[in-house]
Engineer: 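Handing you a structure now.
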Amino acid sequence: MKKAMLLMLSVIPASMLIYWFNLDNKLIFYGVRPILNKIYDGQKRDIRL
């Protein structure tokens, strides 16, 4: 029971830290975006009109 209560009480401060330091957008910018750029830049281009 104590572990469940501790987990529930730590969720709110963790979410506040993620919000205050903008960690979700930093993860997307430094983690997801380079992977997507690598995939997008590796595509063969069809430039015919």
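These numbers come from the heavy atoms of this one structure, side chains and all, not from hydrogens, waters or symmetry mates.
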Engineer: Show me the donor-acceptor pairs, under 3.5 Å and distance only, between side chains in residues 22-43 and residues at least two apart or in other chains.
Structural biologist:
unit_1	atom_1	unit_2	atom_2	d
Asn22	OD1	Asn25	ND2	2.8
Lys26	NZ	Phe21	O	3.4

Engineer: Heavy-atom count check: over 12 atoms from other residues, nucleotides or ligands less than 6.0 Å from Arg45 CZ?
Structural biologist: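 Yes, because the 6.0 Å sphere around CZ of Arg45 holds more than 12 heavy atoms from other groups.
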Engineer: List, by chain and then residue number, the residues other than Ile47 in its hydrophobic cluster (Ile/Leu/Val/Met/Phe/Trp/Tyr, side-chain heavy atoms under 4.5 Å); write none if there are no others.
Structural biologist: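 Traced through the cluster, Ile47 reaches no other member.
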Engineer: Throw together a table of side-chain donor-acceptor distances under 3.5 angstrom for residues 5-14, partners on residues two or more places apart or in other chains.
Structural biologist:
unit_1	atom_1	unit_2	atom_2	d
Ser10	OG	Leu6	O	3.2
Ser10	OG	Leu7	O	2.9

